[in-house]
Undergrad: 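Please see the structure below; I have some questions.
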Amino acid sequence: PSMEVVLHYRPHQRDLIKLQKFAEAAVKEFPIRQMPRFAPWFPNDLDRLTLKPKKRPPVISCEEAEELKQLSTPSEYVTGSPDYDCTKNLLEFQSNMKHGQTLIQAQTVHRPINLENQGETPCNGKQKLKRSWSVSLPNPKLKEKILPLSQELQNNLERLKLHAFYRAKWTIEQSICNNQNLEDIWIKLNRLIKQNELPSCNATIQRSVGQIWIFCDILYCEYVRNILREKLSLTDKMNLLVHKFGIIFSL
């Protein structure tokens with residue numbers, strides 16, 4: 001089949017022989033270059049590795065394995081406990097730690113913590129270290145006692161587009177403790193949490209600001225508030241706060 005070629009050139013390039021050669025070269029088929037076979041630059045022989053261990057791995061005989069099995073005791077394994085507190089022996093959670101105090105210095109004043117007698121003072125007159133966190137365990141039996149959220153709280157959740165499993169915070173201050181000491185309230189609260197009466201709760205006492213913070217899922221917040229009022233004899237209203245949203249409810 002014939003093909004027309006239109007060649008555009010500048011006025012000063014009128015050499016017909018050069019133009020013809022240029023047009024012929026333009027319509028030639030592109031040459032296809034055969035790609036060479038790929039060869040890795042590194043040796044691909046797994047049987048001749050350049051790096052090998054100097055010694056063979058150690059071998060333990062069956063007799064030695066039996067001896068090790070007899071030497072091991074059940075006490076070497078950590079087992080869970082319903083009363084386990086992961087912050088009990090951590091120095092940074094102790095109430096007498098000062099800002100800038102090193103852990104090495106703090107070890108000299110560390111004493112065992114007795115959770116049963118948190119508010120008592122020992123015979124030598126020095127105050128024992130007190131725990132600052134308390135976390136509850138799930139209790140499936142409480143689900144039957146928990147009522148649906150009030151209509152006011154449901155409306156607030158819809159308006160703010162908050163899910164019922166958002167974490168919220170109740171704050172206990174000295175003003176609502178009904179002539180009780182904040183430390184006494186903290187001991188009673190720890191007892192409630194230890195008995196699993198407050199679902200999804202974890203609590204902390206902020207002694208520097210004189211407050212106790214109780215965190216829980218919004219789904220259980222009204223039930224938690226009613227238990228706190230009843231068991232701790234709290235007065236006045238408490239505000240429910242959600243991070244970045246502020247106060248969303250008062251009860």
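Keep in mind that the numbers below use all heavy atoms, side chains included, and drop hydrogens, waters and symmetry copies. Note that the structure is predicted; figures quoted are calculated from it, not measured.
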Undergrad: Which heavy atom of Arg167 sits nearest a heavy atom of Asp217, and at what distance?
TA: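 Shortest heavy-atom contact: NH1-OD1, 2.8 Å.
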Undergrad: Measure across Ala65 and Ile60 and return the closest heavy-atom pair with its distance rounded to 0.1 Å.
TA: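 Scanning both residues completely, I find the closest heavy atoms to be N-CG2, 4.0 Å.
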Undergrad: Stepwise, does the side chain to side chain contact (heavy atoms under 4.5 Å, CB included) test hold for Ile248 with Ile218?
TA: CA-CA 10 Å; Ile248 66 167; Ile218 296 180; 4.1 Å; yes
Undergrad: Does a sphere of radius 6.0 Å around OH in Tyr166 hold more than 12 heavy atoms from other residues, nucleotides or ligands, not counting ones at 6.0 Å or beyond?
TA: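 Atom OH in Tyr166 is not packed in, count stays at 12 or less.
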Undergrad: Consider only side-chain N and O atoms of Asn155 and Gln151, and report whether a donor and an acceptor are under 3.5 Å apart.
TA: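 Short answer, yes.
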Undergrad: Just how far is it from atom NZ of Lys169 to atom CD1 of Ile214, taken to the nearest 0.5 Å?
TA: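 Reported value, rounded in 0.5 Å steps: 10.0 Å.
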Undergrad: Is there a donor-acceptor contact under 3.5 Å linking the side chains of Asn239 and Ser250?
TA: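 Yes, Ser250 and Asn239 have a side-chain donor paired with an acceptor closer than 3.5 Å.
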Undergrad: Kindly indicate whether the side chain of Lys28, heavy atoms from C-beta on, has any atom under 4.5 Å from the side chain of Glu24.
TA: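 No, their side chains stay 4.5 Å or more apart.
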Undergrad: Is it true that Glu183 and Arg207 have a side-chain N and a carboxylate O under 4.0 angstrom from each other?
TA: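 Here Glu183 pairs with Arg207 in a salt bridge, since their nearest N and O are under 4.0 Å apart.
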Undergrad: Do you know which two heavy atoms are closest between Val242 and Ala168, and how far apart they sit?
TA: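 Nearest pair, atom of Val242 first, then Ala168: CG2-CB, 3.9 Å.
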Undergrad: Give a yes or no answer on whether the side chain of Gln154 reaches the backbone of Leu149 with a donor-acceptor pair at less than 3.5 Å.
TA: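 At least one qualifying donor-acceptor pair exists.
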Undergrad: For a quick check under 3.5 Å, do Gln180 and Ser233 share a side-chain donor-acceptor pair by atom type?
TA: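 Not at all, the side chains of Gln180 and Ser233 share no donor-acceptor pair under 3.5 Å.
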Undergrad: Between Met238 and Ile172, which heavy-atom pair has the shortest distance, and what is it?
TA: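 Taking Met238 first and Ile172 second, the nearest heavy atoms are CE-CG1, 3.8 Å.
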Undergrad: Can you confirm whether the side chains of Glu173 and Gln211 place a donor and an acceptor under 3.5 Å from each other?
TA: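 Their side chains do contain a donor-acceptor pair, which is all the 3.5 Å distance test asks for.
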Undergrad: When hydrophobic residues are tied together by side-chain contacts of less than 4.5 Å, even through go-betweens, does Phe249 share a cluster with Leu241?
TA: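 The answer is no; the residues belong to distinct hydrophobic clusters.
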Undergrad: Are more than 12 heavy atoms from other residues, nucleotides or ligands located less than 6.0 Å from atom CG of Leu7?
TA: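 Yes, enclosed.
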Undergrad: Within this structure, what is the CZ-SG distance for the pair Phe215 and Cys201, rounded to the nearest 0.5 Å?
TA: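 Atom-to-atom, Phe215:CZ and Cys201:SG are 10.5 Å apart.
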Undergrad: Is atom CZ of Phe22 surrounded by more than 12 heavy atoms (other residues, nucleotides or ligands) closer than 6.0 Å?
TA: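 12 or below, so no.
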